[in-house]
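Contents: one structure, followed by commentary.
Order of appearance sets the numbers: ligands from 1, and atoms from 1 within every ligand.
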Amino acid sequence: MTSPDSLAGQVRSIGFACTGCGRCCGQTEEDSGLVMVSCAEIRAIMAATGLPWEEIAEPYPATVDDGKGSVFALGWCLRQEKDACRFFSGGRCRIYTSRPWICRTYPFMLDGDTLVVSACEGRGSPIDERAAQGIASDLLCRRSAEEQEAYGVQAVLLRNRVPAGPGIVVDSEGVKVYHG
Ligand code: SF4
């Protein structure tokens, strides 16, 4: 299991400083810029913005075919408008304090215990110990939140039969129909 200190050390040795370019908030190629969001994250954004669920999130585009007539999405991503996150405006994030874990930790992510770094022009810039510790802590919180959402989805799939029909999404809260 990766310790926070070891992770922070890896982040420091890679280096990172956000340049504010906003590319991680936009779609630079097909399927890039998709930000997966959990139910808890969507509800936090709803509380911060007053927007309804379907104005914040849309079904994740990849679907699962259960072989019994049902095709459904396994979760949500932030809505996109004009090839960018709908909350990216005027060169900045309009929900910065409520932004999802993926945004908080970009360009880093954990694949198991392995630190993975996405393409980013801020990669390689000097980073101080405090900032590296903050990213490490966020990465571990993100992993835990993602595991919790995945367990929730598994539990819903075990308890429910997913109906056939358009716009079906299975998330940790249940089986839903998207009308966006
Ligand atoms: S929520 Fe904010 S940081 Fe995340 S993709 Fe949207 S605009 Fe960018």
Applying the side-chain contact (heavy atoms from CB on, under 4.5 Å) criterion to Val156, which one of Leu74, Val175, Asp171 satisfies it? Val175
Could you list which atoms of ligand 1 come closer than 4.0 Å to a heavy atom of Phe88? 7 (S)
Under 2.8 Å: N/O/S of Cys103 next to atom 4 (Fe) of ligand 1: yes
Within a strict 4.5 Å, meaning less than it, do heavy atoms of the Ser172 and Cys39 side chains meet? yes
Heavy-atom distances under 4.0 Å are what count here, so tell me which part of Ile95 touches ligand 1: side chain, backbone, both or neither. side chain
Heavy-atom contacts with Phe87 under 4.0 Å: which atoms of ligand 1 show up? List them by number with element. 7 (S)
Donor-acceptor check, side chain of Arg104 to backbone of Ile135, threshold 3.5 angstrom: yes or no? no
Under a 4.5 Å side-chain heavy-atom rule over Ile, Leu, Val, Met, Phe, Trp and Tyr, are Trp101 and Trp76 clustered together? no
Identify the closest protein heavy atom to atom 6 (Fe) of ligand 1: which residue and atom is it, and at what distance? Cys85 SG, 2.4 Å
Under 4.0 Å between a Lys/Arg side-chain N and an Asp/Glu carboxylate O for Glu54 and Lys176? no
Heavy-atom nearest neighbour in the protein, as seen from atom 8 (Fe) of ligand 1, with distance rounded to 0.1 Å: Cys25 SG, 2.3 Å
Donor-acceptor contact present, side-chain Asn160 to main-chain Val162, <3.5 Å: no
With a cut-off of 2.8 Å, does Cys93 put an N/O/S atom close enough to atom 8 (Fe) of ligand 1? no
